[in-house]
Undergrad: 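Quick one: the structure is below, questions incoming.
Proteins come first, then strands; the chains are lettered A, B, ... in the order of their sequence lines, and each starts at number 1. Computed from a prediction, not measured in an experiment: that's the story for all the values here.
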Number of protein chains: 2
Amino acid sequence: MSLDKSKEVDTRTRILDASGELFRRRGYSGTGLKAILAASDAAYGSLYYFFPGGKEELAAATLRAGGVVYRELVEAFFPEGGDVVNATQVFFEGAATMVEMTDYADACPIATVALEVASTSEAMRQAAAEAFESWLEVLERRFREAGISSVRAREVAVEFFCAIEGAFLLSRTLRSTAPIVIAGRASSAVVAAALAEPS
Amino acid sequence: MSLDKSKEVDTRTRILDASGELFRRRGYSGTGLKAILAASDAAYGSLYYFFPGGKEELAAATLRAGGVVYRELVEAFFPEGGDVVNATQVFFEGAATMVEMTDYADACPIATVALEVASTSEAMRQAAAEAFESWLEVLERRFREAGISSVRAREVAVEFFCAIEGAFLLSRTLRSTAPIVIAGRASSAVVAAALAEPS
DNA sequence: GTCTATAAAACGATAGAC
DNA sequence: GTCTATCGTTTTATAGAC
């Protein structure tokens, strides 16, 4: 950490930013190290200095970084004590806007790589699992705080996750935001119904 | 077509079967042609004889074949005039069983490749989109026949799709069938609620 | 239709100078 | 910490015999 708050990002961060964008768009195997180095304006030497484990270690770190960014995004949309039904609706609307603005390129930072490596790399699978779990924990906590029972809060969080991830897949494949809009309406209705249940 | 119904499958079919399994488990870029040829006991010459466009044409054909198989699976679970609420429940239960039996390797035959190529190959993206659309059409028709309004039938079909695909992703990543069970209960409840709506 | 040999490029990874 | 040169392998694709 330097003392002055200079805005220049260090090489490690530039590599992680570039790999985050490329892995999410083209997948793990579809992204070459050369492309990452070109996009981050770095050299092979730097990559293997920061990530001695090579491509796999870089990808695991990229999954963790993407997991943190997205968890903070969920926390921003679901502030403590806020209206979880409205937050759900607004979250899906924001997701639809992001997907459309990036021409259906940027959706979930984890999903593509997670499906690729789930059966081939245990280290990467676990990094993806921890990212997903951290999102579910935030949602579950907010739903519980809003008055939903502990068991139902976890279930509603899982349903929320499945809805947005499935909608991302369908949206990017069909090149339409309609699935995200439909999944958003359905999810906010699910949250509202869970709130109305006897606790 | 030979006159006798011999059970030996032709080379083209063997290649498509092998690519279907490998692409779904390891993704498009993660699967080499050599692995496909080894698994199908075929030679380079045969592959380029049947698929002159190379890997991309093979993958597009594989996506179409997987789309047909899965559409027929949905049709088998949703027979004409059957109980769509129960069919939804049983479909998710069957999905959970399949995922568990294959040690979390086989879920959706399209999803992994669809996410990989959505932003990089228009031909493959369209093949995946047509597969997904064909599944949605079957579900939508069955929901309409069961008395759900036209607009709602499409929405419920999309919600069904998002739930199962999101659950597949989470299930394979966490190595747990719980997300599929939760998504199945939620989806059958959604179908039941749509049936109860005034048409 | 099938086979092998091989081209040509891209891949991940390493070594060693600075 | 960064850079380049390079190794060895793997990749997709083609050519030509059969």
Side-chain angles (χ1 to χ4, degrees), chain A residues 1-4 6 8-23 25-63 112-113 116-117 120-124 127, chain B residues 1-4 6 8-23 25-63 112-113 116-117 120-124 127:
Chain A
M1 287 243 229
S2 62
L3 283 177
D4 72 314
S6 157
E8 304 188 3
V9 289
D10 54 46
T11 304
R12 203 188 112 98
T13 304
R14 289 206 316 279
I15 292 174
L16 277 175
D17 286 348
S19 65
E21 189 170 308
L22 288 166
F23 282 146
R25 294 188 178 187
R26 307 194 214 159
Y28 175 73
S29 301
T31 303
L33 293 182
K34 256 184 102 170
I36 294 171
L37 293 173
S40 54
D41 198 36
Y44 272 93
S46 301
L47 195 159
Y48 280 90
Y49 174 79
F50 291 113
F51 307 97
K55 193 184 186 183
E56 201 170 348
E57 185 182 336
L58 168 62
T62 304
L63 289 173
T112 308
V113 178
E116 276 183 281
V117 304
T120 58
S121 164
E122 185 58 16
M124 293 177 61
Chain B
M1 289 237 232
S2 63
L3 285 177
D4 72 314
S6 157
E8 304 187 3
V9 289
D10 56 44
T11 305
R12 202 188 112 98
T13 304
R14 288 205 318 278
I15 293 174
L16 278 175
D17 285 349
S19 65
E21 189 170 307
L22 288 166
F23 281 148
R25 294 187 180 190
R26 307 194 213 160
Y28 175 73
S29 300
T31 304
L33 294 182
K34 255 184 107 170
I36 294 171
L37 293 173
S40 55
D41 197 36
Y44 273 93
S46 301
L47 196 159
Y48 280 92
Y49 173 79
F50 291 112
F51 306 97
K55 192 182 187 186
E56 200 170 348
E57 186 182 335
L58 167 62
T62 305
L63 289 173
T112 309
V113 178
E116 277 184 279
V117 304
T120 58
S121 164
E122 184 59 15
M124 295 178 60

Undergrad: Just to verify, what does A/Thr13 make a side-chain hydrogen bond (donor to acceptor under 3.5 Å, both in side chains) with, not counting sequence neighbours?
TA: A/Asp10

Undergrad: For residues 14-23 of chain A, which residues have at least one heavy atom under 4.0 Å from DNA chain D?
TA: none

Undergrad: Using rotation axes that map the C1' atoms of four end pairs onto the next four (five pairs an end), what angle separates the end axes of the helix from C/dG1-D/dC18 to C/dC18-D/dG1, to 10°?
TA: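 If I round to tens, the end axes sit 0° apart.
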
Undergrad: For B/Gly54, answer base if it contacts any base atom (sugar-phosphate contacts may also be present), sugar-phosphate if it contacts only those atoms, and nothing otherwise; contact means non-hydrogen atoms under 4.0 Å.
TA: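 If one applies the 4.0 Å heavy-atom cut-off, B/Gly54 turns out to touch the sugar-phosphate alone, with no base involved.
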
Undergrad: Which residues in residues 27-43 of chain A have a heavy atom closer than 4.0 Å to any atom of DNA chain D?
TA: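 Contacts with DNA chain D under 4.0 Å: A/Ala43.
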
Undergrad: Select base, sugar-phosphate, or nothing to describe what B/Phe50 touches, counting heavy atoms under 4.0 Å on all strands.
TA: sugar-phosphate

Undergrad: Hey, are the side chains of B/Ile36 and B/Phe23 touching, using non-hydrogen atoms and a 4.5 Å cut-off?
TA: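 Contact flag for B/Ile36/B/Phe23 side chains = yes.
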
Undergrad: Would you tabulate the side-chain donor-acceptor contacts of residues 15-22 of chain B under 3.5 Å, counting partners in other chains and residues two or more places apart, or write 'none'?
TA:
from    : atom 1 : to      : atom 2 : distance (Å)
B/Ser19 : OG     : B/Ile15 : O      : 3.2
B/Ser19 : OG     : B/Leu16 : O      : 3.0
B/Ser19 : OG     : B/Thr62 : OG1    : 2.8

Undergrad: Can you pull the contact range of chain A along DNA chain C, 5' to 3', using atoms under 4.0 angstrom from its heavy atoms?
TA: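 Contact span on the strand: C/dG12 to C/dT14.
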
Undergrad: Which pairs pass side chain to side chain donor-acceptor pair (under 3.5 Å) with one or both residues in residues 25-42 of chain B, sequence neighbours excluded?
TA: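 Residue pairs with at least one partner in residues 25-42 of chain B: B/Arg25-B/Asp106.
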
Undergrad: Can you list everything that forms a side-chain contact (heavy atoms from CB on, under 4.5 Å) with B/Tyr48? Sequence neighbours excluded, please.
TA: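 So B/Tyr48 forms a side-chain contact (heavy atoms from CB on, under 4.5 Å) with B/Leu33, B/Tyr44.
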
Undergrad: Of all heavy-atom pairs between A/Ala59 and A/Met124, which one has the smallest distance, and what is that distance?
TA: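 Distance-wise, the nearest heavy atoms are CB-CE, 3.4 Å.
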
Undergrad: Please name all residues satisfying side-chain hydrogen bond (donor to acceptor under 3.5 Å, both in side chains) with B/Glu56, sequence neighbours left out, ordered by chain then number.
TA: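 Result, side-chain hydrogen bond (donor to acceptor under 3.5 Å, both in side chains) vs B/Glu56: B/Ser121.
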
Undergrad: Without decimals, in angstroms, what is the distance between A/Tyr48 OH and D/dT4 C1'?
TA: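 Computing the A/Tyr48:OH to D/dT4:C1' distance gives 15 Å.
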
Undergrad: Quick one: does B/Phe51's side chain get under 4.5 Å of B/Arg12's, heavy atoms only?
TA: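 Yes, at least one pair of side-chain atoms sits under 4.5 Å.
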
